[in-house]
Structures are given as C-alpha cells and as structure tokens.
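Only this structure's heavy atoms are used, side chains among them; waters, hydrogens and symmetry mates stay out. Naming convention: chains lettered A, B, ... in sequence-line order (proteins, then strands); numbering from 1 in each chain.
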2 protein chains.
Amino acid sequence: MAAVAAAGFTGSRMPTYTISQLARTFGLSRSALLHYDRIGLLRASQRTMAGYRIYSQKDRDRLAQICLYRDAGLSLADVRHLLAAQERPDVKILEKRLRAIGEQILNLRNQQRILTAMLTKMASGPYEPVIDKTLWVKMLAAAGMDEAAMARWHAEFEQLAPAAHYALLRQLGIPEREARQIQAWARRAPAPSSKER
Amino acid sequence: MAAVAAAGFTGSRMPTYTISQLARTFGLSRSALLHYDRIGLLRASQRTMAGYRIYSQKDRDRLAQICLYRDAGLSLADVRHLLAAQERPDVKILEKRLRAIGEQILNLRNQQRILTAMLTKMASGPYEPVIDKTLWVKMLAAAGMDEAAMARWHAEFEQLAPAAHYALLRQLGIPEREARQIQAWARRAPAPSSKER
DNA sequence: TATAAACTGTGAAGTTGTTGTCGGGTCAAC
DNA sequence: GTTGACCCGACAACAACTTCACAGTTTATA
C-alpha cells in the first residue's frame, strides 16, 4: 500500500500529497501543517494504513486559501471563520484587519521617530562620535525613510533647534560649509505640517 | 508598618511606590511589573515585613527608561542590555530595531494590498453589493490610506484593468457619469512607478 | 471592633503560531 | 539486511504578558 503516498498517484486519479510535499510547495514547515491538523484547520482527508497523512487536491486548495488569508496577516481563528462561511465571506473580518494594520503602521512610525530621536541625541551627545554620515543615512534608509521623509526630518529638526541640527551634522563628520548648506536647504524645504502622517 | 507603603512617605525621605501605583503612573498592568520582577528586569529594592514590594525613586527612574525603550518596540532582552551597558549604550541594538521596523512596515503595506485586492474582488463580485462608497472610503482611510495613496491606488487599478475599475466604481454605487470622471482623473494621475514605496 | 472591600503575595497555566527535538515506526532501494 | 529518507505523535520552547486560584494584609466603613 505504498504507491498511494509516495508518488502521489492512485492509478489515473487526482494527485495526492504527503505532508512534507505540501509543506514545501507552500513554503511552510511540516510542523505547521501538523499544527493545522491538530487544531482542525486543515486535516488530511485520508491516511495510509501506517497512519501517514494523505492530502487530496481539495485539501491542497484549502491550504492555498489558508495561505492567502495568512499572508494578509489574519489569525488562524479568523481564517477558520472565513473558510467556514464560504458563500458570503465576512467582510467585517477583513475590515477589522485592515483597520488593525493601519494602527500598527502608525505605531511603527512612532517607534521610528522615537528611535531616530534617541540616535540623534546619541550622535550629538558627549560621547565619541559613534555614528558617521554614511552609517546614519544607511540606518534611516533601512528604516524605510525615503528622500522625502529625510527632507521632512531635516526641516523639522532645523525649525525646532537649528543649533542642535548643526551640531549633529558636524558630529556626523560633515564639514562646516556643507552643514550650513544643508541647514539653508532645510529651512526652505517643505514645511513639516504638524498634521502630516 | 503601614505608613511606608501606603502614602509613599517615610518621614521626609524620598517617595516610594506600591506596585499598583507604579503600574498606573506608567500605564502598565500590575502583572507586567510582576513579570519584570520575575525576570529580574526591575526588582523592587525593598519589601515590607508582609512581603509587599516597595519601589524607590531609583526604581521608578529605571522603569521610566524601560518604558522609553519599550515604546521604541525593543524586546525586554534588548532593554536589559541597554540598561546594563549604561555608559555607552549600544547603537547596534537601536539600529537593528530601526531596520526591523522598516521591514515590518513594508510587510504591512503588502498586507494592505492583499486585503484591498480581496475586498475589491468581493465588492465587484457576484454577490450582492456588500460594500458601498462611504464604507469603502472609510475602510481605506482606517487602514491609513491618505489621499495620495488612494490616488495611487486608483491610478494603478485603472492602468491594470480599466473595465474592472469601472465595474467596481459602479458597484460602489457611483453613477456612470462620475465613474467615468474618476477614471479619466486616474489616467492623468501620478504614474504609479513600480519602484514607489 | 468587626467586617467588607481593596490590595498584595506566590505559583502555575494559558495565550498565538509556530519551530525544534525526541524516540520510534515505515518505506524504497541496493 | 541495512542504509537513508521519510513519517508518526508528543512534548518543550519562544515573547510578553494575562489569568487564575488561593491566601494573607491593609484600609475604610458600620
């Protein structure tokens, strides 16, 4: 009774899959599928005599759906609900998730601000210059700040505390001349309206 | 031996705090502080004879630091390291966090896309119009989409599939005339350069 | 002064979505 | 008959808490 599980064929019937095959094709781990089975989200529709799971084409499709919803960041509980009420999938769940994402992004943006403030303070602090220009720019870029965001940041900083801004620029190893240029450019830059988000 | 804990006074000495007082002032739960105590991140420097925790001013300051770092989204392990090496706080940790935030935001944006795609499909699907214009806009707004983002979205959709775009607009209850206007405007709108993020 | 309400303590277990490890069974090939 | 590649179920671990159960302490009220 081996042929069933191994190659995925039962004569000319629909293909079947072992647990690890399915895991690989969806970029999941075997344990994840075991977990889905345990919580009843996705059970293999058959077993071999030895107890090996056999996933059918239908199971595969279901898993595809699950992955789709998971990629949207939905919890397994929500995924279960969505799959349960197939006819008219619950808009409210998706909406709720969308709202949550918005909140999370705002939250992360705030964290970015806190961190850049910390790093700014450290860079212009009494310590040895731990940070130089390239590192600084790389960090902010890695944080997802684009040109515009950096410009806004410079403008905001310049408006709030020009002296500290200058000090920071010098700390980053930028020569006097260039630092003054940046300051001037920041003063002319797009006003950092306080309601921007 | 009650006076110590209760009002937070020992004669004219520094103020002290009970666990719940401290929790309230920092917007944490009592259990969180218990947790911090257990893992040794913040232990009360004294106890009453009955075993009640007494937090000193110093403890309070430490907690303030902890909260600051936590607000930046750092893990308790990282917070511990930062507090341990007080003199020259580790820039690398902050940098790493900043990078992680960037990644997370990108990820969430992707999830937004997936969800809006799903909702779009549902709104223009074979079901009854589950969503109308106001709800739609409210949802996207709640997701943190501003005017610009919505414009980009319309432009992208229009470029990709004008017919489907039109269908969706109609589904949302927008009259023919207005729908065509929106389409025209979307075609003129800022090109959705694929490298935008 | 008695008593109830509000607070405190400890320890254990639960939460979420996995990953990893264990010992042991199964299968195909050589 | 023995490798090596699979599979099984069960359990431990992660983060940062929360919740629970149960017992002792303090404070306010009657």
### Query
Does the side chain of B:R53 get closer than 4.0 angstrom to OP1 or OP2 of C:dT8 through an N or O atom?
no
### Task
Examine distances only and state if a side-chain atom of B:R60 and a backbone atom of B:Y55 form a donor-acceptor pair shorter than 3.5 Å.
no
### Message
Can you measure B:M49 atom CE to D:dG24 atom P for me and round it to whole angstrom units?
### Response
18 Å
### Query
How long is the span from the CD1 atom in A:I101 to the NZ atom in A:K96, to the nearest 0.5 Å?
12.0 Å
### Summary
B:Q104 meets the side-chain hydrogen bond (donor to acceptor under 3.5 Å, both in side chains) criterion, sequence neighbours left out, with none
### Query
On DNA chain C, nearest-nucleotide positions of B:R24 versus A:L34: which is more 5'?
B:R24
### Query
Is B:R99 salt-bridged to B:E103, going by a charged N under 4.0 Å from an acidic O?
no
### Nearest-angstrom distance from the residue atom OH of B:Y17 to P of C:dC7
19 Å
### Task
Could you tell me whether the phosphate oxygens of D:dC6, OP1 or OP2, come under 4.0 Å of any side-chain nitrogen or oxygen in A:T18?
no
Cut-off 3.5 Å, no hydrogens considered: what does the side-chain donor-acceptor table look like for residues 22-29 of chain B, sequence neighbours left out?
{"unit_1": "B:T25", "atom_1": "OG1", "unit_2": "B:Q21", "atom_2": "O", "d": "3.4"}
{"unit_1": "B:T25", "atom_1": "OG1", "unit_2": "B:L22", "atom_2": "O", "d": "2.9"}
{"unit_1": "B:S29", "atom_1": "OG", "unit_2": "B:S31", "atom_2": "OG", "d": "3.3"}
{"unit_1": "B:S29", "atom_1": "OG", "unit_2": "B:A32", "atom_2": "N", "d": "3.1"}

## Note on the structure
note: A:L42, atom CG; C:dG17, atom C1'; distance rounded to Å ~ 15 Å
### Query
Can you check the A:Q21 CD to D:dA5 C1' distance for me, whole Å?
13 Å
### Query
Below 4.0 angstrom, N of the basic side chain to O of the carboxylate: do A:R53 and A:D37 qualify?
yes
### Integer-rounded Å distance: C:dT18 P and A:I66 CD1
10 Å
#### Entry: Rounded interatomic separation in angstrom, taking CZ from A:R47 and C1' from D:dC7
10 Å
### Message
Using modelled atom types and a 3.5 Å cut-off, is there a donor and acceptor pairing between side-chain atoms of A:R109 and backbone atoms of A:R113?
### Response
no
### Task
Name the nucleic acid region contacted by B:I19, choosing base, sugar-phosphate or nothing; use a 4.0 angstrom heavy-atom cut-off, strictly under.
sugar-phosphate
### Message
Does D:dC7 have OP1 or OP2 under 4.0 Å away from a side-chain N or O of A:S20?
### Response
yes
### Task
Provide, to the nearest angstrom, the distance between the CG atom belonging to B:L41 and the P atom belonging to D:dA15.
13 Å
### Rounded interatomic separation in angstrom, taking CD1 from B:I54 and P from D:dT25
15 Å
### Task
Encode nucleotides 16-23 of chain D as B, S and - characters from 5' to 3', where the letter depends on protein heavy atoms closer than 4.0 Å: B to the base, S only to sugar-phosphate, - to neither.
BBBB----
